[in-house]
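A short worksheet on the structure shown next.
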Protein chains: 4
Amino acid sequence: MTGATSGAPSRSDAVRNRRLLLDAAAKTFAERGVEVSIAEIAQCAGVGKGTVFRHFSSKEELLAAIMLGMLDELMDTATELLTADDPGLALREFMAAGVQLLVRDRAFCEVVGRPSLQNPQVRAAIDRLCDAGEALTARARERGVVRPDLTGTDVVLLLAGIQHTAAPLLSTEPQAWRRYLELALDGITARTGRELPHPPPRRLPLASPHPDSGC
Amino acid sequence: MTGATSGAPSRSDAVRNRRLLLDAAAKTFAERGVEVSIAEIAQCAGVGKGTVFRHFSSKEELLAAIMLGMLDELMDTATELLTADDPGLALREFMAAGVQLLVRDRAFCEVVGRPSLQNPQVRAAIDRLCDAGEALTARARERGVVRPDLTGTDVVLLLAGIQHTAAPLLSTEPQAWRRYLELALDGITARTGRELPHPPPRRLPLASPHPDSGC
Amino acid sequence: MTGATSGAPSRSDAVRNRRLLLDAAAKTFAERGVEVSIAEIAQCAGVGKGTVFRHFSSKEELLAAIMLGMLDELMDTATELLTADDPGLALREFMAAGVQLLVRDRAFCEVVGRPSLQNPQVRAAIDRLCDAGEALTARARERGVVRPDLTGTDVVLLLAGIQHTAAPLLSTEPQAWRRYLELALDGITARTGRELPHPPPRRLPLASPHPDSGC
Amino acid sequence: MTGATSGAPSRSDAVRNRRLLLDAAAKTFAERGVEVSIAEIAQCAGVGKGTVFRHFSSKEELLAAIMLGMLDELMDTATELLTADDPGLALREFMAAGVQLLVRDRAFCEVVGRPSLQNPQVRAAIDRLCDAGEALTARARERGVVRPDLTGTDVVLLLAGIQHTAAPLLSTEPQAWRRYLELALDGITARTGRELPHPPPRRLPLASPHPDSGC
DNA sequence: CATGAATGAGGATTCATTCAT
DNA sequence: TATGAATGAATCCTCATTCAT
């Protein structure tokens, strides 16, 4: 349920430390991005650096665990919203929840579409999220409240896009994302008759958009 | 017009090296982001590390020079489009140009809304770009082809948002951004009668969207 | 008493390494001056560079720790001598101890009156040393064995002066400083009736004697 | 006469550049010490870096040339004073001149007793200076105005010692050296009956007082 | 000759990760 | 098991010196 990557420890203090660590890491990553040092996270959690590596074999893995937690959280929201009465409203609420998550978490933003996403479990979680997004979208499509060629993956991708649109404003206008969410909603509900130009994505390929290349 | 930050050298070999350097840096930053080391850029340019610092007194300044070049390029596009016949089409073309620029350059994406933006010249260039965006938007607003409360800053912000939306797809679908540009255009041209929820931004504040905080 | 700047580590290996480090740094600084690289000190101590920075957060701090140790040592000598029977002899012994310390340590010489002295703890230690010097001098003045306008700060300043006078000879004549100490003692015990020309210093201002200036 | 180390150039612009360079280097070394970069000296002289190396094959050599100039200047003073009426006053004036030279020149201070002094021409100039100092001292000794075992080398060494004694005060009390010059004069004129403890130096050995040693 | 561009060794410092206690 | 000490690769940057223009 938690998306733990390492086998969950059994001793109670270990369990407690893992919790402490995840909370501290989540908070620190959220505030300062993926660049925070392990030392800082450890200090924030009140444990030694060694303990971090006992629970997570690398920084990468710790980051993945945090990201998984957030994805799972959003996934839960999506699942709940699947049973909502108004599919259009449900979609809007899903998007609002997703954007808010991103807005509150700097690392989450940095990770989306980046190498860390190569982690298989994170990939799987995103796939599940896209599926849930698709389910929400399908309901909205059926009701005709969104354009017919909109996919769940589009919706998930838009979350990051909306956050990123608002990003430069957020420090002074923490709610500015609502403006761009609204704009996006107007975009996806527009019935223009025209199809969107590029074939709809089904799944995220998850490779870096700017792959390395020799010189 | 050129956006050069350091005085251009006059000797032919220096000019050539500076060109080599800017090209290598642009290419490397574009592909790998702002994290690439100076050593790598130097190697890519076929010069010594010291030469980089002869031309640009710090990594920051080199990055700023590249960014300024790109911003100026986009600015030029905007200026040209200001005299186009169809204001709606002009706006679309401006946005397409901007998104394409971002799509091709990882560093450019990373720099937008981030600490590097603190560089005064880059800030000024972005302000100019927002002004140009506003001019383009104003013309479109007057013709009624975009919603009345859309600003030039909205438009500039959307560039990064659209790029970011498509980012995870770009390595396999390099043109995917067109899909989200279209979606955004549908959003900004929608005449819903409703105002967008958050007051429109006039200028970018340029502080980090995720300010540090203690633990 | 110990003059440690960083909290002393508790683990036995760390304590040992810190000792190794301080000894190596003291020795290397003493022999080669403040310019020695951290790498060299680390190698001399048989530890990695990182270990140096674990114990001392910067080269400056390491240097300060060494200097503080020496100043404290001299301070202890001064304190002991304060209870000696013969105030004149006590002053002489204090000066001999101080000059010897300087003679043995190149970095200590370089640090006196130089920017490193900006370190608040080192400044404070020097102030304390001047106070102790003043106490010793006061006793000698009362007995009439030194000129009436001689201050403790004069005495402390003379330590460096005497060392520096002898410096060029020391490699071939390690005891040459005794000659100039004697000369200085004759100077400070002289009862000429004339006052020394410049008002006596009370405390060391500690700014660089050759401040920068443009060209 | 100038102590040039490189053959004096013949073309008039080269002569002029050499002069410019020496003046700029003297000024810059004086103010900032031996650590100033060649680039800065070149800029201060208004010439290119290459020109510095055309005239002086290394920074070391440039420094030596400056030092030679100063030593020659002091030497000239000494020579003049040899014909003065009052040998005691002459010695005092020589010492005052020497200390003032040091006080005004940070590099000169740094160089005395340091590796740069290994330069043969500088060594020779110092030897000559010691000889001149000895001549002045001899006259004073004959008149009985200085202690009988004082040598010219003692006197020269004392110049640096006096400057160094006053060094920490000089930025706030530029004339403080006069206090310590007086103290030194009282020391060397004292007729205690006792001989100074260490055999008088005849010549300066000029090796670093803190020779390197392996670890 | 004069210039200043290019070089690259060297220096301080950071940080993920390993490992002895 | 938890700790934090040790490590060393990697990074940005400086500067004396060389050399093409």
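So you know, we letter chains A, B, ... as the sequences are listed, proteins then strands, and number each from 1.
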Subject >> Residue mapping more 5' on DNA chain E - nearest nucleotide basis, D/Gly48 or B/Val47 >> reply: D/Gly48
**OP:** Rounded off to whole Å, could you give me the CZ-to-P distance for the B/Phe56 and E/dA6 pair?
**Re:** 11 Å
Subject >> Shortest non-hydrogen contact between B/Ile66 and B/Ala25, atoms and distance >> reply: CD1-CB, 3.8 Å
**OP:** For DNA chain F, write out the stems as range with range, using runs of 3 or more consecutive Watson-Crick or G-U pairs with both distances under 3.5 Å.
**Re:** E:2-21 with F:2-21
**OP:** Rounded off to whole Å, could you give me the CZ-to-C1' distance for the D/Arg19 and E/dA2 pair?
**Re:** 19 Å
**OP:** Can you measure from CZ (B/Phe29) to CG (B/Leu22) and round to the nearest 0.5 angstrom?
**Re:** 10.5 Å
**OP:** May I have the distance from C/Ile41 (atom CD1) to E/dG10 (atom C1'), rounded to whole angstrom?
**Re:** 15 Å
Original post:
Under 4.0 Å between a side-chain N or O of D/Arg54 and OP1 or OP2 of E/dC1?
Top reply: no
Original post:
Could you state the CZ-P distance from C/Arg32 to E/dG10, rounded to the nearest angstrom?
Top reply: 13 Å
**OP:** Whole angstrom is fine here: how far is it from CD in D/Gln43 over to P in E/dT3?
**Re:** 13 Å
Original post:
Nearest heavy-atom pair of C/Asn119 and C/Ala64: which atoms, and what distance?
Top reply: ND2-CB, 3.3 Å
Original post:
Rounded to the Å, how far apart are B/Glu61 CD and F/dC12 P?
Top reply: 15 Å
Original post:
Counting distance only, does the side-chain N/O of C/Thr51 pair as donor-acceptor with the main-chain N or O of C/Val47 below 3.5 Å?
Top reply: no
Original post:
Okay, side chain of D/Glu110, backbone of D/Val34: is any donor-acceptor separation there less than 3.5 Å?
Top reply: yes
Subject >> Least distance between heavy atoms, D/Phe53 atom then D/Ser58 atom >> reply: CE2-CA, 4.0 Å
Original post:
Given E/dA2, is OP1 or OP2 found less than 4.0 Å from the side-chain N or O atoms of D/Asn17?
Top reply: yes
Subject >> C/His55 side chain near F/dA6 phosphate (N/O to OP1/OP2, under 4.0 Å) >> reply: yes
Subject >> Atom-pair distance (CG on C/Leu63; C1' on E/dG11), nearest Å >> reply: 15 Å
**OP:** Please identify each residue that fulfils side-chain hydrogen bond (donor to acceptor under 3.5 Å, both in side chains) with B/Arg16, with sequence neighbours left out.
**Re:** none
Original post:
So, the side chain of B/Lys27 versus the backbone of B/Cys44: is there a donor-acceptor pair under 3.5 Å, distance only?
Top reply: no
Original post:
Can you find a side chain N or O atom of C/Thr51 that sits less than 4.0 Å from OP1 or OP2 on F/dT7?
Top reply: yes
Original post:
E/dG4 C1' sits how many Å from D/Glu40 CD, rounded?
Top reply: 17 Å
**OP:** Using a strict cut-off of less than 4.0 Å between a Lys/Arg side-chain nitrogen and an Asp/Glu carboxylate oxygen, indicate whether C/Arg19 and C/Asp23 qualify as a salt bridge.
**Re:** yes
**OP:** Mark up nucleotides 15-21 of chain F, 5' to 3', with B wherever a protein heavy atom is under 4.0 angstrom from a base atom, S wherever such an atom reaches only the sugar-phosphate, and - elsewhere.
**Re:** -SBB-BS
